[in-house]
Amino acid sequence: VEGLYFRYPGGRDVFGGVEFSVDKGDCLVVLGPNGSGKTTLLKTLLGLEQPYEGSIDLFGIPLNGFSDWSRVAYLPQNTRLLNPHFPATAAEVAALGLLSAKKFPRRFTELDMEKARLALDKVGLAARADSIYGELSGGQQQRVLLARLLVGEPELLLLDEPSSALDNDSRGLFFSLLDAINAEGKSTVIWITHDMGEAGKHATKLLYLDGKMRFCGAMGEFCRSNEMERLLGPFTQHTVCHMHDGERPK
């Protein structure tokens, strides 16, 4: 991402001056206050919103020429986009993550459903694979949507507040999955969150957005940044960096 600026027609800049790159296996966490443009940034990376200045490359290909979307998975903040009353099983919803790689007519195969069941097993819902999605609890539905992200083994995951609707047990499972994905080095993660404590435990890089990009770099650089200490205060910086645990990142 180079020199990215975004504004709605007739409005002021939502964000500006955003520049960063991520490598395979990175976990880039995007932090910032409400209204700072974090969700808009994620949508811009996907081509769902159009910047008025700057450039974006995915896997070395300019965004306007990129078409291999089976390599990318996105979990929006509003997970109610899927009608909870639609009579699909958890396995069928999880299998939807495979559709972008299929040609018309798009139909599920036995292998697709096996992959969906394996993905549900990863999120602790193997026993509910044949349950109707709308009959699951909110936390279980969120975990099904996480399985939908994982089923196609995407190379890039874009997550907008993915743990906000999860209970404590499900949150722990989600963060374990996130760590496992990064440990394998198979997927790159760009993740928006307000949970600064969790961000610091899992990020390899941090981007702080507040109308403009205030910081982007490795965790250790964030923790040593005097500018971030002035902007956030030492307590918040320590919360992100877990300095109180004696685990100041290098």
Side-chain angles (χ1 to χ4, degrees), residues 1-8 11-46 48-49 51-58 63 74-78 156-164 171 174-175 178-179 181-182 187-250:
V1 176
E2 293 186 357
L4 203 67
Y5 287 76
F6 180 91
R7 72 163 65 111
Y8 292 105
R12 61 178 179 81
D13 286 354
V14 176
F15 60 75
V18 175
E19 296 194 0
F20 66 90
S21 62
V22 289
D23 299 313
K24 187 175 181 179
D26 274 344
C27 180
L28 172 69
V29 175
V30 183
L31 298 172
N34 289 334
S36 61
K38 300 186 298 298
T39 294
T40 303
L41 173 61
L42 221 58
K43 290 181 177 180
T44 305
L45 299 182
L46 289 161
L48 301 175
E49 299 282 6
Y52 75 84
E53 189 174 320
S55 63
I56 301 168
D57 287 0
L58 289 180
L63 181 62
Y74 170 49
L75 183 65
Q77 191 171 13
N78 180 12
L156 176 63
L157 294 171
L158 301 174
L159 313 173
D160 192 352
E161 295 283 357
S163 62
S164 60
R171 280 164 59 87
F174 165 74
F175 289 124
L178 199 64
D179 288 340
I181 289 169
N182 278 141
S187 295
T188 300
V189 180
I190 300 178
W191 167 34
I192 291 175
T193 186
H194 283 94
D195 193 334
M196 291 194 170
E198 288 294 349
K201 290 180 182 178
H202 307 282
T204 59
K205 295 179 179 178
L206 282 171
L207 189 156
Y208 193 88
L209 193 63
D210 185 7
K212 65 178 181 178
M213 190 178 77
R214 301 279 187 172
F215 176 88
C216 187
M219 270 294 299
E221 295 171 355
F222 177 91
C223 296
R224 292 188 295 270
S225 171
N226 293 328
E227 181 181 355
M228 284 294 95
E229 183 176 354
R230 286 193 296 270
L231 181 64
L232 301 176
F235 176 80
T236 299
Q237 188 185 38
H238 283 221
T239 299
V240 176
C241 299
H242 293 268
M243 295 177 184
H244 51 282
D245 295 336
E247 298 178 0
R248 187 185 184 122
K250 296 180 181 180

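Any value given below was found using the heavy atoms of this structure, including those in side chains, with hydrogens, waters and symmetry copies removed.
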Pairwise side-chain contact, [X] with [Y], heavy-atom cut-off 4.5 Å (strictly under):
X	Y	value
Leu157	Trp191	no
Asn34	His194	yes
Phe6	Leu41	no
Leu31	Leu207	no
Phe15	Lys38	no

- Message: As a test of understanding, state which of Thr44, Leu63, Thr40, Val1 forms a side-chain contact (heavy atoms from CB on, under 4.5 Å) with Pro51.
- Response: Thr44
Separation of [Y] [atom2] from [X] [atom1] (nearest 0.5 Å):
X	Y	atom1	atom2	value
Lys43	Leu45	NZ	CG	12.5 Å
Ile192	Leu28	CD1	CG	10.0 Å
Cys216	Glu221	SG	CD	9.0 Å
Arg224	Gln237	CZ	CD	10.5 Å
His202	Thr204	NE2	OG1	12.5 Å
Leu58	Leu156	CG	CG	6.5 Å

- Task: For Phe222, check ring pair (Phe, Tyr, Trp, His ring centres under 6.0 Å) against everything at least two apart and list the hits.
- Result: Phe215
Which heavy-atom pair separates [X] from [Y] by the least distance, and what is that distance?
X	Y	result
Gly37	Val14	CA-CG1, 3.7 Å
Val240	Met219	O-CE, 4.0 Å
Met228	Ser225	N-OG, 3.1 Å
Tyr208	Leu231	CE2-CD2, 3.6 Å
Leu209	Pro33	O-CD, 3.6 Å
Tyr52	Asp13	OH-OD1, 3.0 Å

- Query: Given Glu161 and Thr39, is the side-chain contact (heavy atoms from CB on, under 4.5 Å) satisfied, shown in steps?
  - Reply: CA-CA 9 Å; Glu161 295 283 357; Thr39 294; over 6 Å; no
- Does any donor atom in the side chain of Asp160 or Tyr74 lie under 3.5 Å from an acceptor atom in the other side chain?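 There is no such pair (donor and acceptor under 3.5 Å, judged by atom type) between the side chains of Asp160 and Tyr74.
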Kindly list each side-chain donor-acceptor pair under 3.5 angstrom involving residues 17-27, sequence neighbours excluded, with atom names and distances?
unit_1, atom_1, unit_2, atom_2, d
Glu19, OE2, Gly3, N, 3.2
Asp26, OD2, Asp23, N, 2.7
Asp26, OD2, Lys205, NZ, 3.0

